[in-house]
K.L.:
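First, the structure itself, so that you have it in front of you.
All residue numbers refer to positions in the sequence shown, counting from 1. Keep in mind that this is a model prediction, so the values were computed, not measured.
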Amino acid sequence: MDQELWKAALAAQQHAYAPYSHFSVGAAIRCGDGSIVTGANVENASYPLGCCAERTAVNSAVAQGHRQFREIVIVGPGPDLISPCGGCRQVLAEFGDMVVVMTESSGRVRPRIMRVSELLPARFTKEDLDGV
Ligand code: THU
């Protein structure tokens, strides 16, 4: 695993705003140019408006001019590995077939590494919109 990326995800986890679930998540993306963009979950008193760490990271990266993503490391509060929700899988899939590394914060559990195409087979993509 990319240790620098994992440490960035851990640092981002510290900024999670999770007063309702108390479940802090951090995410860090390695962009195509090698730079790192991070995100954390941001909850809201109107619960459905909360945003997962993965989506916060993707949206921040895109807003900073990135479109190519190599890898995302996700860190949950542990002790188990966490896996991106269905909505986040679709958002990750918008930007290609990046590597998804699922971790927990102690570093004791071996990360689970999958591609977006494995996490969301038969996904809806922009190609599905072509020719209509
Ligand atoms: N959450 C994430 O940020 N990423 C995940 O992969 C799973 C869940 C957040 C959403 C919510 O703020 C809290 O964790 C509990 O579901």
K.L.:
Please tell me if the side chains of Ser83 and Leu81 come closer than 4.5 Å, counting only heavy atoms from C-beta onward.
P.N.:
no
K.L.:
Val42, Val91: one ILVMFWY side-chain cluster at the under-4.5 Å cut-off?
P.N.:
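Unlinked, Val42 and Val91 end up in two clusters.
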K.L.:
Are Val109 and Ile113 joined in one hydrophobic group, where the rule is that I, L, V, M, F, W and Y side chains link up if heavy atoms are under 4.5 Å apart?
P.N.:
no
K.L.:
Can you tell me how far apart OG (Ser46) and OH (Tyr20) are? Round to the nearest 0.5 Å.
P.N.:
9.5 Å
K.L.:
Would a hydrophobic clustering, with Ile, Leu, Val, Met, Phe, Trp and Tyr connected at side-chain separations under 4.5 Å, put Trp6 with Ile72?
P.N.:
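No.
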K.L.:
Looking at every heavy atom in both Arg55 and Cys85, which two are closest together, and how far apart are they?
P.N.:
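Smallest interatomic distance, heavy atoms only, reads NH2-SG, 3.9 Å.
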K.L.:
Would you say Arg115 has more than 12 foreign heavy atoms packed within less than 6.0 Å of its CZ?
P.N.:
yes
K.L.:
Looking at Thr103 and Ile74, would you say the former's side chain and the latter's main chain have a donor-acceptor pair under 3.5 Å?
P.N.:
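Yes, the answer is positive, given that a donor and an acceptor are paired below the 3.5 Å cut-off.
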K.L.:
Would you indicate whether the side-chain heavy atoms of Glu71 and Val101 approach each other to under 4.5 Å?
P.N.:
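The answer is yes; the side chains approach within 4.5 Å.
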K.L.:
Among pairs that include at least one residue of residues 64-122, which meet ring pair (Phe, Tyr, Trp, His ring centres under 6.0 Å), considering only residues two or more places apart or in two chains?
P.N.:
Phe69-Phe95
K.L.:
Checking side-chain contact (heavy atoms from CB on, under 4.5 Å) for the pair Thr38/Ser60: CA distance, chi angles, key distance, verdict?
P.N.:
CA-CA 8 Å; Thr38 62; Ser60 294; over 6 Å; no
K.L.:
Please report the shortest heavy-atom distance between Leu120 and Ala93, naming the atom on each side.
P.N.:
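That would be CD2-CB, 4.4 Å.
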K.L.:
At what distance, to the nearest 0.5 angstrom, does OG of Ser24 lie from CG of Leu10?
P.N.:
11.5 Å
K.L.:
Check Ala12 against Ala27 and note the closest heavy-atom contact, atom names and distance.
P.N.:
CB-O, 4.1 Å
K.L.:
The test is side-chain contact (heavy atoms from CB on, under 4.5 Å); show your working for Thr56 and His15 and say whether it passes.
P.N.:
CA-CA 12 Å; Thr56 306; His15 301 304; over 6 Å; no
K.L.:
Does the side chain of Leu119 come within less than 4.5 Å of Met102's, by heavy atoms?
P.N.:
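In contact.
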K.L.:
If I compare all heavy atoms of Cys88 with all of Glu54, which pair ends up nearest, and what's the gap?
P.N.:
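Closest pair (atom of Cys88, atom of Glu54, distance): SG-CB, 3.9 Å.
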K.L.:
Would you say the side chain of Met114 lies within less than 4.5 Å of the side chain of Pro84, judging by non-hydrogen atoms?
P.N.:
no
K.L.:
Could you tell me whether the side chains of Ser35 and Asp33 share a donor-acceptor contact shorter than 3.5 Å?
P.N.:
yes
K.L.:
Counting distance only, does the side-chain N/O of Glu104 pair as donor-acceptor with the main-chain N or O of Gly107 below 3.5 Å?
P.N.:
yes
K.L.:
Could you check if a side-chain atom of Cys31 sits within less than 4.5 angstrom of a side-chain atom of Val37, using non-hydrogen atoms only?
P.N.:
yes
K.L.:
Please report the closest heavy-atom contact between Val116 and Asp97, naming both atoms and the distance.
P.N.:
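In this case the closest contact between Val116 and Asp97 is N-OD1, 3.2 Å.
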K.L.:
With a 4.5 Å cut-off on side-chain heavy-atom distances among I, L, V, M, F, W and Y, is there a chain of contacts connecting Leu92 to Val62?
P.N.:
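Same cluster: Leu92 reaches Val62 through Ile, Leu, Val, Met, Phe, Trp or Tyr contacts under 4.5 Å.
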K.L.:
Walk me through whether Lys126 and Glu94 qualify under side-chain contact (heavy atoms from CB on, under 4.5 Å).
P.N.:
CA-CA 8 Å; Lys126 48 183 170 287; Glu94 180 69 21; 4.2 Å; yes
K.L.:
State the CD-CZ distance between Glu4 and Arg30, to the nearest 0.5 angstrom.
P.N.:
4.5 Å
K.L.:
Any link between Met98 and Val25 through a network of hydrophobic side chains (Ile, Leu, Val, Met, Phe, Trp, Tyr) touching at under 4.5 Å?
P.N.:
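Yes, Met98 connects to Val25 through the hydrophobic network.
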K.L.:
What's the separation between atom CD1 in Ile82 and atom CZ in Arg112, rounded to the nearest 0.5 Å?
P.N.:
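Those atoms lie 12.5 Å apart.
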K.L.:
Heavy-atom count around Arg123 CZ within 6.0 Å, excluding the residue itself: above 12?
P.N.:
yes
K.L.:
Between Asn41 and Phe23 (side chain of the first, backbone of the second, donor and acceptor by atom type, cut-off under 3.5 Å), is there such a pair?
P.N.:
yes
K.L.:
I'd like to check Pro19 versus Glu43 (side-chain heavy atoms, cut-off strictly below 4.5 Å). Are they in contact?
P.N.:
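SC-SC contact between Pro19 and Glu43 confirmed.
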K.L.:
Of all the heavy-atom pairs spanning Ala9 and Ala28, show the shortest one and how long it is.
P.N.:
N-CB, 3.6 Å
K.L.:
Do any pairs count as a ring pair (Phe, Tyr, Trp, His ring centres under 6.0 Å) and have a residue in residues 101-132, sequence neighbours left out, and if so which ones?
P.N.:
none
